[in-house]
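So that we are looking at the same thing, I have put the structure below in structure tokens.
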Amino acid sequence: MSYAELVNSCLLPSYGGADPGDWWKRELDNGLAGLVLFGADLGPLNGEVGALATGKLRAHRPDMIIALDEEGGDITRAEYHRGSNYPGNLALGAVDDPALTGAVAEAIAADLIDLGVSVNLAPSVDVCPGAHLPVLGTRSFHADPARVAEHACAFVDGLQKHGVAATAKHFPGLGSTSTDSHFALPSVDDPEEVLRARDLVPFAATVRAGVRAVMTGHVLAAAVDSTPATFSRRFVTDILRGELGFGGVVISDALDMEPARAGRGFAGAAVRAWQAGVDLMILGPRDGERICAEIREGALAAIEDGTLPLARLEEAAGRVADLRKWSGEPRRPAADLSGTGIVAARRALAVRGEPPAPGRWFVVELRPEPSISCGTVPWGLIKPLTRLGGVSGAIEVPEGAAGVELPDGPVVVVVRADSERTWQDEALARILRRRPDAVVVDMGYCDVPVPPGTVVLKTFGAGLVNAVAASELLSGRRTAGAPRDC
């Protein structure tokens, strides 16, 4: 294997758009590990992911890695064009039935197998201690490390029993941070003993459960190391490999994120991560051809000057090859799991106050700017409630918009709240002062402030299936028992 092939075997670029072009064929022929798919690659495909993307890719080299983030709920790539048919982590943690979590993961595995995807960059096993730390929000199972660990292991088992590799992320934990690592370096300011008792618990559990991959987070935990985790030998080699005993593939979070490449570029970031013990580099949704060439050049220079030992790259390449081999024989579930998502979303749905009487509703959606993690995945009640015949009219209210004109008749207000929600709180308060009988559907992480007596439906996520569950209740089409109490 040439040096260029060796470096390529430890890279997972994207093709940065709906048309993959042809460069990836040359790179795969030159040893590239595979590709990771982002929303920009999948959204315009209008659902034909398997035929137009993964089918074309895997036809060129059947053993390549094809990876994406399919957490369910707010984070979906395979269903980026319409929204997820599975509730996400927060909803599953709220139900607190690990068997249900495992069943959802099995159903996701079946979908990914149909699409040709071999590595799921999920689950997020970050512990989010409370609503004042909303960066992970609905992507966290719970604030209790033990509950997160139990559900994370169920999710890992549900994927991997069918040959889809799971990825526990974001090591050593992003849940207690208040900064989005896409834009700036977040920090965990707690003492090491707190980090170990809280954040590391789910990672230790998933390692014992046999998770095939662990993704590092671009996060600084100064009590343990002065270097961000992706570039920290203390975290990756000493703790994850040594103390926790992880023998699988360590994957970097995307290197295009600002804390990773700032001041060092893609090549510098990749070399530092390899030095720390990371095996496989995700490059982000950009020009993969250019970035691969940049990293190869930087890695070869580092090998020549001795700063990147050849043996370290060979070790990483061997682990990646093992992952490719392991995930090359998917085993689709024998049972029909197509209804698993809606069953789980109905069980997660909770109501504070008396369940609303079914009717036709004027829907007001207070719509914050989309986060970079969620992207522009469709969400909200207007479409699913319309399909069920439950809409008399609707309006979408963007962030910063002025007041809303409301008609007579039943009103439902849809919110998707995090802690940075002042405009949403103020808009909701104005509506409820005029229409105290309005029903609030909360699809976010943080509980929105409402007056006593206001009826609130909480979905614990903004996936399509969460919206369908709420729409069923509002329209009188609920097919299961009464919702849980908030």
Side-chain angles (χ1 to χ4, degrees), residues 74 83 90-91 94 131 134 137-138 345-346 348-370 378-478 482-486:
D74 293 24
L90 187 65
T138 59
R346 288 169 183 156
L349 185 66
V351 177
R352 192 183 81 180
E354 289 293 323
R360 298 183 72 246
W361 301 81
F362 186 84
V363 183
V364 180
E365 293 186 348
L366 305 181
R367 304 183 67 86
E369 290 295 321
W379 69 278
L381 294 193
I382 294 175
K383 288 185 178 179
L385 190 55
T386 298
R387 286 195 291 268
L388 294 175
V391 173
S392 62
I395 183 172
E396 296 182 4
V397 182
E399 188 165 345
V404 179
E405 293 295 326
L406 298 174
D408 295 332
V411 171
V412 60
V413 186
V414 185
V415 296
R416 186 180 185 180
D418 58 27
S419 69
E420 302 296 329
R421 63 188 187 197
T422 302
W423 77 274
Q424 200 166 200
D425 287 355
E426 292 174 351
L428 179 61
R430 288 195 297 269
I431 292 171
L432 293 178
R433 280 195 294 271
R434 283 177 286 160
R435 292 297 305 273
D437 60 330
V439 171
V440 176
V441 176
D442 183 356
M443 304 190 77
Y445 175 60
C446 305
D447 291 332
V448 291
V450 297
T454 301
V455 175
V456 178
L457 275 63
K458 191 160 180 64
T459 64
F460 299 94
L464 172 61
V465 73
N466 303 106
V468 170
S471 298
E472 288 176 338
L473 186 66
L474 290 166
S475 65
R477 303 293 184 87
R478 175 98 182 187
R484 299 179 307 112
D485 291 333
C486 284

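Just so we're clear, the structure is a prediction, and the values are computed from it rather than from any experiment.
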Results of side-chain contact (heavy atoms from CB on, under 4.5 Å) for P384 - residues two or more places apart only: R387, A467, V468, S471
In short, salt bridge (Lys or Arg N to Asp or Glu O under 4.0 Å) pairs touching residues 351-361 with sequence neighbours left out are none
Could I get the full list of salt bridge (Lys or Arg N to Asp or Glu O under 4.0 Å) partners for R434, not counting sequence neighbours? none
Any side-chain heavy-atom pair from V413 and L366 closer than 4.5 angstrom? yes
Where G463 and D74 come nearest, the two heavy atoms and their spacing: N-OD1, 3.9 Å
Applying salt bridge (Lys or Arg N to Asp or Glu O under 4.0 Å) as the test, list every pair that has at least one member in residues 405-415; sequence neighbours left out. none
Could you pull out the closest heavy-atom pair between F460 and A350, with the gap in Å? CE1-CB, 4.0 Å
Keeping the roles fixed (side chain from T138, backbone from G461), state whether a donor-acceptor pair exists under 3.5 Å. no
Is a side-chain N or O of Q424 found less than 3.5 angstrom from the main chain of R416, in a donor-acceptor match? yes
Minimum heavy-atom separation for F362 to S392, with atom names? N-OG, 3.3 Å
Shortest non-hydrogen contact from S475 to L385? CB-CD1, 4.0 Å
Show your working on salt bridge (Lys or Arg N to Asp or Glu O under 4.0 Å) between R346 and E472 and close with a plain yes or no. CA-CA 9 Å; R346 288 169 183 156; E472 288 176 338; 2.8 Å; yes
Roughly how far, to the nearest 0.5 Å, is the CG atom of N466 from the CG atom of L457? 12.0 Å
Does some side-chain heavy atom of L474 sit less than 4.5 Å from a side-chain heavy atom of L388? no
For V440, which residues count as a side-chain contact (heavy atoms from CB on, under 4.5 Å) partner, sequence neighbours excluded? V415, L428, L432, V448, V450, T454, V456
Going from CD1 on I382 to CD on E365, what distance comes out if it is rounded to the nearest 0.5 angstrom? 3.5 Å
Might you point out which heavy atoms bring P398 and W423 nearest each other, and give the distance in Å? O-CZ3, 3.8 Å
M443 and T459: which non-hydrogen atoms are nearest, and at how many Å? CA-OG1, 3.2 Å
Whether the side chain of E399 engages the backbone of R367 through a donor-acceptor N/O pair (distance < 3.5 Å, no angle test) should be reported. no
Identify, with sequence neighbours excluded, every residue that meets side-chain hydrogen bond (donor to acceptor under 3.5 Å, both in side chains) alongside R430. none
With sequence neighbours excluded, residues passing side-chain contact (heavy atoms from CB on, under 4.5 Å) with R435: L406, V411, D437, A438
Please confirm whether the backbone N or O of G83 pairs with a side-chain atom of W379, one donor and one acceptor, at under 3.5 Å? no
Please, which pairs that meet salt bridge (Lys or Arg N to Asp or Glu O under 4.0 Å) have at least one residue in residues 449-471, sequence neighbours excluded? D442-K458, D447-K458
Just to verify, which of V441, V391, V455, V364 counts as forming a side-chain contact (heavy atoms from CB on, under 4.5 Å) with V412? V441
Could I get the full list of side-chain contact (heavy atoms from CB on, under 4.5 Å) partners for P358, not counting sequence neighbours? none
